[in-house]
Amino acid sequence: MQLTAPVTSGSDTRPAARDADGMAVASFILGLLGLLVLNIFLGPIAIVLAAVALWRGTTRRGRALLGLTLGVADLAVLVIAMQVSHTLSWSL
């Protein structure tokens, strides 16, 4: 009597890579969205997600690098806007 189903060769054997791919896409989206709103929160989240995705070996390396770049750009935009407006926040 067998209590578990046999492993098939067609199944995805790398769930960590699939998770890393999702993190790479999420970092890109959050980095892009962070350029417009809430860059003080979305920028660091995009950086962390991209770094973890790269560390886990994502197959979407370009998207993770773009998310990392956009996360850093989010923080740069925030710093520049704060310097221009002489406040701790910025508005359009």
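Here, residue 1 is the first one in the sequence, and each next residue gets the next number. These numbers come from the heavy atoms of this one structure, side chains and all, not from hydrogens, waters or symmetry mates. Since the structure is predicted, the reported quantities are computational estimates derived from the model, not experimental observations.
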Colleague: How close do Ser27 and Ala24 get, counting heavy atoms only, and between which atoms?
Modeller: OG-O, 2.8 Å
Colleague: Look at the side-chain heavy atoms of Ile, Leu, Val, Met, Phe, Trp and Tyr, link any pair under 4.5 Å apart, and say whether Ile40 and Leu36 land in one connected group.
Modeller: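 Result: yes, single cluster for both.
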Colleague: With a 4.5 Å cut-off on side-chain heavy atoms, are Leu35 and Leu70 touching?
Modeller: yes
Colleague: I'd like to check the side-chain contact (heavy atoms from CB on, under 4.5 Å) partners of Arg63; sequence neighbours left out, ordered by chain and number.
Modeller: Val25, Phe28, Arg60
Colleague: Hey, quick one: are Val77 and Leu32 part of the same hydrophobic cluster, counting side-chain heavy atoms closer than 4.5 Å, chains of contacts allowed?
Modeller: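 The answer is yes; both residues are in one hydrophobic cluster.
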Colleague: Which ILVMFWY residues are connected to Val84, directly or by a chain of links, through side-chain heavy atoms under 4.5 Å apart?
Modeller: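 Besides Val84, the cluster holds Ile80.
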Colleague: How close do Thr58 and Ala64 get, heavy atom to heavy atom, and via which atoms?
Modeller: CG2-CB, 4.2 Å
Colleague: Kindly list each side-chain donor-acceptor pair under 3.5 angstrom involving residues 41-55, sequence neighbours excluded, with atom names and distances?
Modeller:
none

